[in-house]
Amino acid sequence: MKRGKLQTWGLYAALLVIAFVMISPVYILFKVSISEPEEVNTAHPSFLVQDATMDHWTDILTTEKKTETGLIIYGIKGDTYSVTGADGNDYTLKGSDQFTINGVFKKVTFLNQDKEIKLGREELQNLRNNLTTKKTFFGKKVVENLYQPLGKSFLVATITTIVAIVICAPAAYVISRMPSYIGYIVVLGLLVTRMFPDVGIALPVATRFLSWGLTDSSFGLILAHLIPNLPFLAWILVGTFAMIPKDLEQSAMIDGANRIKALIRVVFPIAIPGIAVGSIFVWLNSWNEFIYARYLSTEVATLPLRIFEVITRGSIFPAAAYSMILTIPVIIITFVLQRYMKSGMLSGAVKG
Amino acid sequence: MSSETAVNRQTNTKSSAKWKKLKSFFKMYKLETFMILPLIVYMFYFTLTPIINTVTMSFKDDDTGAWTLGNYQEIFTNINFTSALFNTLFITIVGIVLQIGFALIIALLLNQEFKGKGFFRTLMLVPMGVPTLVSGVTLLFIFGQTGYFNELLFRLGVVDTQPFWLGGGIDTLFVIIFADMWKVLPLTVLLLLAGLQSISKDVYEASSIDGASSWQTFWSITLPLLKPSITMAVILRAIDSFRIFELPLVMAGKSAPVLSTFSYEAFRHSNYGISGAAATILLGIIVLFIIAYLFIVERKNLKEVK
């Protein structure tokens, strides 16, 4: 059916609107991550970037924090707000001085000793409303390392995906070739195991891992991430394999291939689009995963955990920058793998 | 004594016959057994036993370990729990209706042939790459009181003041629904798109030869053939939506509790029984929905496969 010109324009208009809604939150995130604090911390934030700054990025990419005058302040001593700079000198701050921690303005009175600084939403709002200075001082609690949580997140997501494919692809194939009634029951079983809320499973798993010494370990987190992802991937792949006709592998076997060869050479290659889609979901699930990580990690954070720590502290700018770092590889992966997300090659295989 | 051994022998031969049957079954399906076993073992040990643990935990007193219904009595008199229950149901039901509708529209658009299809498709996938937690953070920037949504309304002249969307109540729930929808639309679209693409082109060719209008084609060909994908998407989304956790946690905190966050808060305060009870109720609701689904949708399929 040929489309009219008007319909084509309508199609593009609809697509543009949808694309705008899909993209704009990511743009806002990016915008916040490169904005001067006063451009965002105001009653009327600007939509376009007016004054781009890489400060927030440099702050998290380098673990050292610099003040506006180039001083690195490591420690804050007691109620006198005496701070030690990188040059070794001590500086005294007044209680009414304002400072920023990663872009969020706070009064120095919040900097009592080494206490962790937490701000409620209203406090934050108050501080934003009377910001006056651009002075930037950092307590040593704020100094964070990006690379450790980044590495952990990447490792866990990748290994979880690989293990999930290795376990699920063969199992899903078997399920898809079961007598339809039994296969149906098994698929329903997969569905039921995927139903249970993570908060319910994570609790007993957390106590189990504690006694095994798996808390904070990547291995433990991989085991945990497989819990929701195995039935998920298996379920998706059963659908994929079920669409591959049995005649295909049988004709391969008639042509002289044995069972395993027929599977590896004929069946699995056809299933690759389905496996690709499924494993992208698994990778993203694991990369985004927060609940198990929260239950199973005490010291060694994943990137989502780190972002949660930062945002609950009210530091929106590094949260935005961290979030961008978390988002970039996923966009690249999605872009690279999307051409495999076609199930069209299946019909070609049957016809040929 | 001797009769006993005879009985034993009899059962032994009986069971060994069964065993033989089982053995020959496994011999016949050696490869299949080997392929499916890891999945079954893993799910048994890391899903089934924790589920049982949690359910038993909900019926036990934290301190004494004695069987009790006290945890359930406690949460049903807790106002936070009842509002968590309402919020969860509201977010799920309203959210899914909106999500499936929008996802179907987008999938149908993307299933057409047009220039720049790959580009648009990639753009659609972008939210999938944003961690749920981060989408909460981002939408916090947007729906916060001095956020970009209020600024947009202000510039369009819709509002003079800045409404606070995240203070609890229905508007907060709608913001959470929007956040959830934004995050998961790509996934739902992909599921529906895969379903659309699995529909053979021949069917469409036949219908266009028969002179069917595009609306007729959609209504009597696309939609029925897409039904399995839609039901799959609905269940997947319902499950995830009931378990919604990060978005309410980040965006609304305690002003809009849901069952998961309620359970998590209880866990954080070491009230394992309470946490287990909330999780068990959450499970119960989901099971109810699944049973309804089985009766409404799957009963026909079950008869067919039988």
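If you tally non-hydrogen atom pairs under 4.5 Å between each of B:Thr47, B:Ile51, B:Val137, B:Ile105 and chain A, the highest count goes to B:Ile51. Taking chain A as the reference chain and counting heavy-atom pairs below 4.5 Å, the highest number among B:Leu37, B:Leu152, B:Thr261, B:Leu139 is found for B:Leu152. Top candidate by heavy-atom pairs under 4.5 Å with chain A, chosen from B:Tyr148, B:Tyr264, B:Phe267, is B:Tyr148. Note on A:Tyr173, A:Phe232, A:Phe308: by heavy-atom pairs under 4.5 Å with chain B, the leading option is A:Phe308. Contact count against chain A (heavy-atom pairs under 4.5 Å) is highest for B:Leu109 among B:Thr33, B:Asn150, B:Leu109. Taking B:Ile142, B:Leu48, B:Val55 one by one and counting their heavy-atom pairs under 4.5 Å with chain A, the maximum is reached by B:Ile142. Here A:Leu226 is the residue among A:Leu190, A:Val205, A:Val186, A:Leu226 with the most heavy-atom pairs under 4.5 Å with chain B. Your options are A:Val21, A:Leu223, A:Leu16, and the one with the most heavy-atom pairs under 4.5 Å with chain B is A:Leu223. Ranked by heavy-atom pairs under 4.5 Å with chain A, the first of B:Gly116, B:Pro50, B:Pro38 is B:Pro50.
Separating the CE atom in B:Met124 from the CD1 atom in A:Ile23 is a distance of 8.5 Å, to the nearest 0.5 Å. Remark: A:Leu11 CG to B:Leu108 CG distance equals 11.0 Å, nearest 0.5 Å. Separating the CG atom in B:Leu283 from the CD1 atom in A:Ile201 is a distance of 9.5 Å, to the nearest 0.5 Å. Atom CD1 of residue A:Ile167 and atom CE of residue B:Met35 lie 13.0 Å apart, to the nearest 0.5 angstrom.
Contacts between B:Phe143 and chain A at a heavy-atom distance below 4.5 Å are absent for every atom of the residue. For a residue to count as touching a neighbouring chain, one of its non-hydrogen atoms must lie under 4.5 Å from one of that chain's; by this rule A:Arg177 does not touch chain B. With a threshold of 4.5 angstrom between heavy atoms, B:Tyr272 approaches chain A through its backbone and through its side chain. With a 4.5 Å cut-off on non-hydrogen atoms, B:Thr49 touches chain A through its backbone and its side chain both. Only the side chain of B:Leu133 comes within contact range of chain A, with at least one heavy atom under 4.5 Å from a heavy atom of that chain. For a residue to count as touching a neighbouring chain, one of its non-hydrogen atoms must lie under 4.5 Å from one of that chain's; by this rule B:Leu31 touches chain A with the side chain only. Residue B:Leu123 touches chain A through both its backbone and its side chain, counting heavy-atom pairs closer than 4.5 Å. For B:Ile40, no part lies under 4.5 angstrom from a heavy atom of chain A. For a residue to count as touching a neighbouring chain, one of its non-hydrogen atoms must lie under 4.5 Å from one of that chain's; by this rule B:Ser260 touches chain A with backbone and side chain alike. With a threshold of 4.5 angstrom between heavy atoms, B:Met43 approaches chain A through side-chain atoms but not through N, CA, C or O. B:Lys183 touches chain A through its side chain: at least one heavy atom from C-beta onward sits under 4.5 Å away, while N, CA, C and O do not. Using a 4.5 Å cut-off between heavy atoms, B:Phe141 contacts chain A through its side chain alone, with no backbone atom that close. Contact of A:Ala19 with chain B is made through backbone and side chain together, with heavy-atom distances under 4.5 Å. When heavy atoms are compared at a cutoff of 4.5 Å, A:Phe209 approaches chain B solely by way of its side chain, counted from C-beta outward. Neither the backbone nor the side chain of A:Trp283 comes within contact range of chain B; no heavy atoms are under 4.5 Å apart. Heavy atoms of A:Pro231 lying under 4.5 Å from chain B belong to its backbone as well as its side chain. Only the side chain of B:Tyr42 comes within contact range of chain A, with at least one heavy atom under 4.5 Å from a heavy atom of that chain.
Shown are A:Ile311, A:Ile307, A:Leu303; of these, the side chain to side chain contact (heavy atoms under 4.5 Å, CB included) with B:Val134 is made only by A:Ile307.
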Side chain to side chain contact (heavy atoms under 4.5 Å, CB included) between B:Phe114 and A:Leu15, intermediate numbers included: CA-CA 11 Å; B:Phe114 58 90; A:Leu15 284 167; 3.4 Å; yes

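Both the sub-6.0 Å distance and the 45° axial angle are not jointly satisfied by A:Arg294 relative to the ring of B:Phe245.
Counting non-hydrogen atoms of neighbouring residues, nucleotides and ligands closer than 6.0 angstrom, the NZ atom of B:Lys117 exceeds 12 such neighbours.
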